[in-house]
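Scope of the values below: all heavy atoms of this structure, side chains included, with no hydrogens, waters or symmetry mates. Below, chain A is the first sequence line, B the second, and so on; all start at residue 1.
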Amino acid sequence: MALSYFSFGPFTKGVSDTRNTSLDASGLLRVGRHLYFDGVGKLRAANGSTVSLTLMDDAGTPAEVTSICEIVQWADTVLAVAHSTVTDKAYLYRLDSSLTGYYNLAGAFTAASQALPLATALWTSMPDAPVVTIAEMNGEAHIACTNASTASTQSFPTRVFTGSAISDLTADIDGSAGAETIYALGVFSFQSHRWMWGFGSGATAATGYRPDLLRFGGPIGGGFAASGSGSFSVGHRVKSLRESVVGVCVAGEVAYIGTSYSLWPVVGFGFDTWDKSNPLDESFGFIGPKAACAANGVCYYWSPRGPMRVAGLSRPEPLWDMIPATVASVVDPEKIVASFDPTTDQVVWFFRGNGVTGNQLVCAFDIRRGVFLGPDRDIGVVVGAANTINPITAPNAAAATGPSGAPTTPVTSAVGTTHATASWTNGDATAATTVEYRVQGGTTYTTAGTTAVGATTFVITGLVGGVPYEWRAYHLKNGVASSYVGPVAGSQFTTGTTLTAPSGLSVTDTGPSFRDNAFLQWTNSPETGTSTELYVDSVYQGVVGTGVSSAYLTLADGTYNFSIRHIRSGYTASAYNGPVSQTITQLS
Amino acid sequence: MPLYVGESDGGRVIKLGTGLTQITTDATESVLPVWETWDFLPTTESGDTVFRNIIVTVSYSNGYLIRVTPYMDGTALTAQDFSGSGAGTMDCQAFVAARGARLKVKVEALARTGELEMVNIRVGYKPLRLAP
């Protein structure tokens, strides 16, 4: 009877870490790490990461800061806030949009891999790294932190960065005709107004400690109104810690105000119509101040029950059903950091899980396909802040930057009957390289392939034995090609007629089993179209097909010498790999 | 529109989604994808099936090196490695030749030299006995 075949893929349903075993398993992965979807159901391996900049403190000899608290786009540049437990200061950095350097307060740019802070520290005598929010409004940046104030103290005022100076944010919020320093716990922009939440422990009702209170300023950066006319509180329990604002996410037409147990949507058409309305049913609130992000008008957030999403004023939708094991593994969920990665269509939550001490695991949700991918992949570093940064491209930008040079010094090695290894010296290590080959003297090149960025070798395959070939290569970057290197003597070669041998033969005695007891594994040579012959004590046992690199044999008890070789019609067989001696035991 | 992250335990601003290695606390490491299927039970939980082979189809831009590990009734069988050079698509056939009720497959990349796509994982089998 012929074999039946079951197809696990193609994998279009993403990853689920729990399921009813009676449900159809096709298309669904149990574990997926470092993956993303591309195009129509193409499941690809994800790329890695590189260091863009290192933020330094303001010591005489600058040292690396100990924590990065926030990074956001601001005007045509980028603002970052970092903290040092050595200096007990929090610093503000202004970086270019490609993160290749930093600005000083005067606006002068320095291209460097280590960025220095703006001259004035944001906060001093701050022993612990703060959770920071930054809001852009009317050309200014307002910067607040969650440890600004408590019920008894007010320590770290909200700061304003104008592009050339840093100062405290002040406003007459108690109607006394005198401005008070603001100690907001967080800030955001919504419908061309500046907003803040939570207040310090001032002496009047307007400035008293109100972690539940939201206050908004006039349009286009106008001043904050006195208590009552420009503010409202969420929840029903004034000054309740339970109804303190945890975080805010603006998605589409709604500002979602998250407390520890509910979401309060703010909608309207400006100052006169805003209303906190009622909390969204079964919204469960934000688990932490950075646990939410917006993507395409939808708010994705991590609630005390797990990941969720909500759009408009509709009922929030749970996303946790597919990954309960991941949700249960989260440690310190209030420290989760959310962000959207538009290059992979993934909302990613950086979290700390069992056995991992920091936010270096990733729970990724593909928003276009509505599936999870890699609910527990490890990205190698602990994350304190995350954001998408768009590089600035002027409308009439100059041509894209191509490779800075062409590859040089072509060398051909490891020439077999159907393959050869091309190598070169990079003219631009940040470019990929495309290799083309042809029969020597021919008119048409065939593209062998394109390497990853920075690679210096490529194995050309699919050649024919006994034929003289030549290859050439060029760098490719931003769609711009360099000039070619080759064909020159170093890139010319003639394929052989004797196949390159397989390597690494190992034999395992699998012991008594219902069928097989000698398990052979090896590494195929790069030759294409070859089969592999199996020999025991120089006696032919059989042949396995192209690409196969393992086989089972059934043998009587004894010690044998195993060897293998590649064969292909029209070519001379390769040398043997082996003999490898192994004692085999048969079923008793 | 790359995603940047700032370290919580350091001062590095890191760009995600680039290159074949990723930054770690003190060095770099290859980004090695893992695929693991759910169990396939052609003859229910207490039936009997001979699972013959697993065909893992991958597409690659600059070589591949993968390890295929079959799990029979939850127990890992011998892992089998497959490698290739250049660019193309390859059906990697791993032999199972074992008997049991359920089979799942774990595929790991052992090295990264270019782009790698998981096209499909298939299993060849012959049902012997349904559950009583």
Undergrad: Which of the residues Ala87(B), Pro2(B), Ser83(B) is involved in the greatest number of heavy-atom pairs with chain A at under 4.5 angstrom?
TA: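 Top option by heavy-atom pairs under 4.5 Å: Pro2(B).
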Undergrad: Where does Val51(A) contact chain B at under 4.5 Å (heavy atoms): side chain, backbone, both or neither?
TA: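 For Val51(A), the contact with chain B is made by backbone and side chain together.
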Undergrad: Identify which part of Ala448(A) has an atom lying under 4.5 Å from any heavy atom of chain B, answering side chain, backbone, both or neither.
TA: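 Looking at Ala448(A), just its backbone touches chain B.
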Undergrad: Does the side chain of Thr508(A) reach to within under 4.5 Å of the side chain of Thr78(B), using non-hydrogen atoms?
TA: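 Not in contact.
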Undergrad: Determine the minimum heavy-atom distance between Ala386(A) and Val5(B), stating which atoms define it.
TA: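 So the two residues come closest at CB-CG1, 3.8 Å.
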Undergrad: To the nearest 0.5 Å, tell me how far Phe340(A) CZ sits from Met1(B) CE.
TA: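 Separation between the atoms: 8.0 Å.
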Undergrad: Who wins among Gly449(A), Ala551(A), Ser52(A), Ser525(A) for the most heavy-atom pairs under 4.5 Å with chain B?
TA: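 Going by pairs under 4.5 Å, I would pick Ser52(A).
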Undergrad: What part of Thr461(A) lies closer than 4.5 angstrom to a heavy atom of chain B: side chain, backbone, both or neither?
TA: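 Just the side chain, heavy atoms under 4.5 Å.
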Undergrad: Which pair of non-hydrogen atoms, one from Gly380(A) and one from Glu29(B), has the smallest distance, and what is that distance?
TA: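 For Gly380(A) and Glu29(B), the tightest heavy-atom pair comes out as CA-OE2, 4.4 Å.
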Undergrad: Is Arg102(B) in contact with chain A via its backbone, its side chain, both, or neither, using a 4.5 Å heavy-atom distance?
TA: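 Contact with chain A: none, neither part.
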Undergrad: Heavy-atom distances under 4.5 Å only: say whether Leu103(B) touches chain A with side chain, backbone, both or neither.
TA: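 Only the backbone of Leu103(B) comes within 4.5 Å of chain A.
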Undergrad: If you compare all heavy atoms of Leu20(B) against all heavy atoms of Ala452(A), which two are closest, and at what distance to 0.1 Å?
TA: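 For Leu20(B) and Ala452(A), the tightest heavy-atom pair comes out as CD1-CB, 3.5 Å.
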Undergrad: Within the 4.5 Å heavy-atom criterion, are Trp38(B) and Asp24(A) side-chain neighbours or not?
TA: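 Heavy-atom side-chain distance check fails, nothing below 4.5 Å.
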Undergrad: Who wins among Val65(A), Val453(A), Ile389(A), Thr344(A) for the most heavy-atom pairs under 4.5 Å with chain B?
TA: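 Heavy-atom pair counts peak at Ile389(A).
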Undergrad: Donor-acceptor pair, distance only, cut-off 3.5 Å: does the side chain of Ser67(A) make one with the backbone of Ser8(B)?
TA: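 Answer holds: yes.
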Undergrad: Under a 4.5 Å heavy-atom cut-off, does chain A meet the side chain of Glu115(B), its backbone, both or neither?
TA: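 For Glu115(B), side-chain heavy atoms alone lie under 4.5 Å from chain A.
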Undergrad: What's the spacing between Arg33(A) CZ and Leu32(B) CG if we round to 0.5 Å?
TA: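 One finds 11.5 Å between CZ of Arg33(A) and CG of Leu32(B).
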Undergrad: Rounded to the nearest 0.5 Å, what separates atom CG in Leu3(B) from atom CG in Asn387(A)?
TA: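 One finds 7.5 Å between CG of Leu3(B) and CG of Asn387(A).
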Undergrad: Can you say whether the rings of Phe6(A) and Phe40(B) are parallel (under 30°), tilted (30 to 60°) or perpendicular (over 60°)?
TA: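 Judged by the thresholds at 30° and 60°, the geometry between Phe6(A) and Phe40(B) is parallel.
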Undergrad: How long is the span from the CG atom in Asp38(A) to the CD atom in Glu117(B), to the nearest 0.5 Å?
TA: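 Interatomic distance, Asp38(A) CG to Glu117(B) CD, rounded to 0.5 Å: 8.0 Å.
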Undergrad: What part of Arg19(A) is in contact with chain B, defined as an atom under 4.5 angstrom from a non-hydrogen atom: side chain, backbone, both or neither?
TA: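 Contact with chain B is through both the backbone and side chain of Arg19(A).
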Undergrad: Could you grab the distance from atom CG of Leu29(A) to atom CD1 of Ile121(B), nearest 0.5 Å is fine?
TA: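 Leu29(A) CG to Ile121(B) CD1: 7.0 Å, rounded to 0.5 Å.
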Undergrad: Heavy atoms only: give me the nearest Val381(A)-Arg12(B) pair and the separation to one decimal.
TA: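 Scanning both residues, the minimum pair turns out to be CG1-NH2, 3.8 Å.
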Undergrad: What option among Pro342(A), Pro526(A), Ala385(A) has the most heavy-atom pairs under 4.5 Å with chain B?
TA: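 Most heavy-atom pairs within the cutoff with chain B belong to Ala385(A).
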Undergrad: How close do Ser49(A) and Leu16(B) get, counting heavy atoms only, and between which atoms?
TA: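 It is CB-CD2, 3.7 Å.
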Undergrad: Run the side chain to side chain contact (heavy atoms under 4.5 Å, CB included) test on Lys15(B) and Leu99(A) for me, step by step, so that the C-alpha distance in whole Å, both residues' side-chain angles and the decisive distance to 0.1 Å come before the verdict.
TA: CA-CA 9 Å; Lys15(B) 182 181 183 180; Leu99(A) 279 80; over 6 Å; no
Undergrad: Compare all side-chain heavy atoms of Tyr4(B) with those of Val78(A) and state whether any distance is below 4.5 angstrom.
TA: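 Tyr4(B) vs Val78(A): side chains apart.
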Undergrad: Do side-chain atoms of Asn62(B) reach the backbone of Thr451(A) as a donor and acceptor pair under 3.5 angstrom?
TA: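 No; judged by distance alone, with no hydrogens or angles, the pair does not exist.
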Undergrad: Does any heavy atom of chain B fall under 4.5 Å from the side chain of Pro391(A), the backbone, both, or neither of them?
TA: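 Contact with chain B involves the side chain of Pro391(A) alone.
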Undergrad: Does any heavy atom of chain A fall under 4.5 Å from the side chain of Thr113(B), the backbone, both, or neither of them?
TA: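 For Thr113(B), backbone heavy atoms alone lie under 4.5 Å from chain A.
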Undergrad: When heavy-atom pairs shorter than 4.5 Å are enumerated against chain A, which of Val58(B), Val34(B), Thr28(B), Val31(B) gives the highest number?
TA: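 Of the options given, most contacts go to Val34(B).
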Undergrad: Check the pair Trp35(B) / Leu43(A) against side chain to side chain contact (heavy atoms under 4.5 Å, CB included), numbers first and verdict last.
TA: CA-CA 10 Å; Trp35(B) 302 262; Leu43(A) 185 59; 3.7 Å; yes
Undergrad: For chain A, which candidate among Gln22(B), Met118(B), Met90(B) shows the most heavy-atom pairs at distances under 4.5 Å?
TA: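 Highest number of heavy-atom pairs under 4.5 Å: Gln22(B).
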Undergrad: Is it the side chain or the backbone of Ile460(A) that comes within 4.5 Å of chain B heavy atoms, both, or neither?
TA: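 Neither the backbone nor the side chain of Ile460(A) comes within 4.5 Å of chain B.
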Undergrad: Quick check: do Phe82(B) and Asn524(A) have side-chain heavy atoms less than 4.5 Å from each other?
TA: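 Not in contact.
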Undergrad: Could you state the interatomic distance from CD1 (Ile14(B)) to CD1 (Ile71(A)), rounded to the nearest 0.5 Å?
TA: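 Spacing of CD1 (Ile14(B)) from CD1 (Ile71(A)) equals 10.5 Å.
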Undergrad: For chain B, which candidate among Asn390(A), Thr50(A), Thr421(A), Leu28(A) shows the most heavy-atom pairs at distances under 4.5 Å?
TA: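 Option with the top pair count is Thr50(A).
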Undergrad: By a 4.5 Å heavy-atom criterion (distance strictly below it), what part of Val15(A) contacts chain B: side chain, backbone, both, or neither?
TA: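 Neither part.
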Undergrad: I'd like to verify something: which residue of Ala46(A), Ala82(A), Ala432(A) has the highest number of heavy-atom pairs under 4.5 Å with chain B?
TA: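 Sorted descending by pairs with chain B, the first entry is Ala46(A).
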Undergrad: Below 4.5 Å from any heavy atom of chain A, which atoms of Thr37(B) appear? Answer side chain, backbone, both or neither.
TA: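 Answer is both: backbone and side chain atoms of Thr37(B) are under 4.5 Å from chain A.
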Undergrad: Which bit of Val123(B) comes within less than 4.5 Å of chain A, counting heavy atoms only: side chain, backbone, both or neither?
TA: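 Both parts, backbone and side chain.
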Undergrad: Picking from Gly19(B), Gly10(B), Gly114(B), which has the most non-hydrogen pairs under 4.5 angstrom with chain A?
TA: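 Most heavy-atom pairs under 4.5 Å with chain A: Gly10(B).
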Undergrad: Heavy-atom cut-off 4.5 Å, strictly under: side chain, backbone, both or neither for Thr457(A) against chain B?
TA: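 Answer is backbone: N, CA, C or O of Thr457(A) sit under 4.5 Å from chain B.
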Undergrad: Using the side chain to side chain contact (heavy atoms under 4.5 Å, CB included) rule, take Leu55(A) and Val13(B) through it: C-alpha gap first, then chi angles, then the decisive distance, then the call.
TA: CA-CA 7 Å; Leu55(A) 306 184; Val13(B) 179; 4.1 Å; yes
Undergrad: Thr66(A) and Glu7(B): side chain to side chain contact (heavy atoms under 4.5 Å, CB included), yes or no, with the steps?
TA: CA-CA 8 Å; Thr66(A) 55; Glu7(B) 277 189 290; over 6 Å; no
Undergrad: So, for Pro33(B) and Leu35(A), which heavy atoms are closest and what is the spacing to 0.1 Å?
TA: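 In terms of heavy atoms, the two residues are closest at CB-CD2, 3.6 Å.
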Undergrad: Are Ser549(A) and Cys92(B) packed together at the side-chain level, in the sense that at least one heavy-atom pair is separated by less than 4.5 angstrom?
TA: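 When only atoms from C-beta onward are counted, Cys92(B) and Ser549(A) do not touch, as no gap falls below 4.5 Å.
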Undergrad: Please look at Ala79(B) and chain A and tell me whether the side chain, the backbone, both or neither of the residue comes under 4.5 angstrom of a heavy atom of that chain.
TA: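 The backbone, not the side chain.
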Undergrad: Of the backbone (N, CA, C, O) and the side chain (C-beta and beyond), which part of Ser98(A) lies under 4.5 Å from a heavy atom of chain B, both, or neither?
TA: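 Backbone of Ser98(A) only, per the 4.5 Å heavy-atom cut-off to chain B.
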Undergrad: Looking at Gln360(A) and Thr24(B), would you say the former's side chain and the latter's main chain have a donor-acceptor pair under 3.5 Å?
TA: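 Pair absent, no side-chain N/O of Gln360(A) close to backbone of Thr24(B).
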